[in-house]
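Here is the structure we will look at, set down as structure tokens.
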Protein chains: 2
Amino acid sequence: MIWDDISVNHFSASIKYFFRDSNNIRTLDRKTPRIQDVARAAGVSTATVSRAISNPSVVSEATRNAVFEAIRSTGYQINLTARNLRQRRTRAIVVLVPNLGNPFFSHILAGIEQVAASAGFSVLIVDTKQPHANEGQLFTYLSSSRADGLIVLDGSLPVALFERRGTAGGLPPVVFACEWIAGSPFSKVMIDNAAGAAMAIRHLHGLGHRCIGHVSGPRGNVLTDTRLQGTRAALAELGLPVRREWFFDGDFSLQSGAEAARAWLALDERPTAVFCASDQMACGFISQLSMEGYTVPRDVSVVGFDDIDIARHFIPPLTTVRQPRNAIGAAAARLLIAQMGAGTADAPPVEEVLAVELAARRSAAPPGPAAG
Amino acid sequence: MIWDDISVNHFSASIKYFFRDSNNIRTLDRKTPRIQDVARAAGVSTATVSRAISNPSVVSEATRNAVFEAIRSTGYQINLTARNLRQRRTRAIVVLVPNLGNPFFSHILAGIEQVAASAGFSVLIVDTKQPHANEGQLFTYLSSSRADGLIVLDGSLPVALFERRGTAGGLPPVVFACEWIAGSPFSKVMIDNAAGAAMAIRHLHGLGHRCIGHVSGPRGNVLTDTRLQGTRAALAELGLPVRREWFFDGDFSLQSGAEAARAWLALDERPTAVFCASDQMACGFISQLSMEGYTVPRDVSVVGFDDIDIARHFIPPLTTVRQPRNAIGAAAARLLIAQMGAGTADAPPVEEVLAVELAARRSAAPPGPAAG
DNA sequence: AAGCTATATGTAATCGATTACAAGCAGCCT
DNA sequence: AGGCTGCTTGTAATCGATTACATATAGCTT
């Protein structure tokens, strides 16, 4: 038996389960063949196998073929951990997502995954809103031994988490997408939220609305702030009233949209149109109104923000500001990968702003005769 | 300077950027301190540092404190790659998701992430429907050097991908969730799809419907098949007609629901109720009908499947079969982790079936006077 | 023929932890 | 005193690849 010649007793091959070592003891197969085993099977050194795999052009054709044949026959699969240790990188990126259950992020993730996987990176996701995701826990994800880079979709994380530039254990490159931490020195991919909000307001104005309300996101969120600011600016620019009671607090959720609808119903003087800072809130708003016997856009016009999948199939189809969600994720991944390639040289943070557009559908229409 | 006493020239500390080696050459800081550096700072061996970190009770209190202080002062963070290599595991699980953009999966993912992260596992996601995710590419994710286990949410993957039991490079433990490959020998977490479908049909029957149609998922999908089968069985059991033209083909998407609506409209004899195999199709169905001037449940009752977030806020609120999405993900993760802990001993595959329940809302009501 | 270059390959150090094994030491028992 | 036990700690092997450096060979130039 050829196997008996093998002096190293943990030689492994693809099909057999057991071998006999030099003492003829039946030993369990190590199971996973190593580069060593391939080298032996091909009659070359491990260095040559390694080169044949990662830089085929430097080995002769004959050797290359022998190596590939040995890989096939042994069923060898590279051990990524060992490679990563030696190369001091992980070929992985971590994505910090606030609330994975929110469908808004699923397309962003899809965009990230697409670009990252094509470039050979694994995508590791972490939900920052889970109870176990406390600061200490999250901190461990920011280690360069975990990932070569980070994409952060949560602007509500404590800045302190990221304040480690230049210190030991250095922070890997970070790119923010969608949300970001105001004033932080990181690259970001974002949309022009203020401009999007302004588009919504101008659209309503163009339809004839003069009394326009707004349902905003959670306090302290950059998206809330920028959309709110865009809303106010556009209202002011158009000479429309900015009335405190027409601004409703939400948190981007369906539920909070429904609550805003109740608040709207409770008003003496109601705005004839409402711009919601998220589609989910817009749907919740319209849905609640419908339960109370009101109809959109007959009784009030509604514009959303995001253009989630359901928007065009809502009743009525939702007029909204479309965010290129997939493209945002893809751009963030590309930016991060570029940044990782640039080495440790602290490149200045870049900001990429993607265009939004208004998807005019049926939930916004000219104000009814009852309106002012 | 104390630094000049250090003979190993790549000593590193937390704050300074540069050191001088034994030749007094200014060298770049290695940046990330290693366990070696901690050991030196604490005046102990690396073995002791390692023990203090991973099994604190075996080192004396004095030493432990010294080590922790050294960790703090050096800013040491463990290198997971090195640890994983030595321990021959990755502390990561891979989740194979069909179409990340589908919000249905986001809650499943959230459940997985929650359990996995609490147990110290990273979650790596792969979108199996991306163009780059060909069989060869996916194969590399099934390597045990990539992850300690796999959760597969895509039942349409080729079985061949998983047929490596006992061969070299062995497949790590696999758990299917939601979908699965018929006849494959893996553990699964699923719901009783047939029972769920039967609940929907019986609910409609209870409301008085005698003519019930069905919009099914993509052909060949196990969910499609089991729900279809449950539908047929319930119809037969109740003595209701099973008419070929009342069964519409869909693919779970909003769009396909809308198409089914057009098909329904084109019928001479229309069923008074339609059970859709997904909420997305139900929404698309209702939405399309609404565009054509029809109203649910006045003109037709609709029941969905899944209970996605928007369901209760749809117009009308959608009657649907609720799947515990978060719990499915959590159960899959728990099962996988248990399986990984059980070692390589091939435990028999287990099947966990989670209960579904009917969420009766407004989209299904007794048939109108016009109906038979 | 000597010397040089280019190509292909092998040897062994290296990445940074964990852990088997050995050993030191204090306390206790006989 | 000698031996035993239990508690700490250190030494060095190990995980499985990559890669710097050395070396061998062939082909070419002068």
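Since the model is a prediction, treat every value here as computed from it, not as a measurement. Residue numbers begin at 1 in each chain, while the letters A, B, ... track the order of the sequences.
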Grab the [atom1]-[atom2] distance between [X] and [N] for me, whole Å please.
X: A/Glu61; N: C/dA8; atom1: CD; atom2: P; value: 11 Å
X: A/Asn79; N: C/dC15; atom1: CG; atom2: C1'; value: 13 Å
X: A/Asn65; N: C/dA8; atom1: CG; atom2: P; value: 13 Å
X: A/Ile35; N: C/dT9; atom1: CD1; atom2: C1'; value: 14 Å
X: B/Leu85; N: D/dT18; atom1: CG; atom2: P; value: 12 Å
X: B/Arg83; N: C/dC15; atom1: CZ; atom2: C1'; value: 16 Å
X: A/Asn55; N: D/dT18; atom1: CG; atom2: P; value: 11 Å
X: A/Gln36; N: D/dT18; atom1: CD; atom2: C1'; value: 14 Å

Any chance you could list the contact pattern along nucleotides 19-26 of chain D? Use B for base contacts, S for sugar-phosphate-only contacts and - for none, protein heavy atoms under 4.0 Å, 5' to 3'.
B-------

Is there a side-chain contact between [X] and the phosphate of [N], meaning an N or O under 4.0 Å from OP1 or OP2?
X: A/Ser60; N: C/dT9; result: yes
X: B/Arg88; N: D/dG16; result: yes
X: B/Tyr76; N: C/dG16; result: no

Would you find a donor on one side and an acceptor on the other, under 3.5 Å apart, between the side chain of [X] and the backbone of [Y]?
X: A/Thr74; Y: A/Pro33; value: no
X: A/Asp127; Y: B/Ala110; value: no
X: A/Asp37; Y: A/Arg34; value: yes

Would you mind writing out the side-chain donor-acceptor pairs for residues 52-61 of chain A within the sub-3.5 Å range, not counting sequence neighbours?
unit_1: A/Ser54; atom_1: OG; unit_2: A/Ser50; atom_2: O; d: 2.9
unit_1: A/Ser60; atom_1: OG; unit_2: A/Thr63; atom_2: N; d: 3.3
unit_1: A/Ser60; atom_1: OG; unit_2: A/Thr63; atom_2: OG1; d: 2.7

Find out whether A/Pro172 and A/Asp148 are in side-chain contact, i.e. whether some heavy atom of one side chain is under 4.5 Å from a heavy atom of the other.
no

Taken in chain and number order and not counting sequence neighbours, the residues that satisfy salt bridge (Lys or Arg N to Asp or Glu O under 4.0 Å) with A/Asp154 are A/Lys129

Determine the contact category for B/Thr63: base if any of its heavy atoms lies under 4.0 Å from a base atom, sugar-phosphate if only primed atoms, P, OP1 or OP2 are that close, otherwise nothing.
sugar-phosphate

Looking across every strand, which nucleic acid part, if any, lies under 4.0 Å from B/Leu80 by heavy atom: base, sugar-phosphate, or nothing?
nothing

Residue pair B/Val59/B/Ala82 against DNA chain D: nearer the 5' end by closest nucleotide is B/Val59

Is it true that B/Phe139 and B/Phe162 have ring centroids separated by less than 6.0 Å?
no

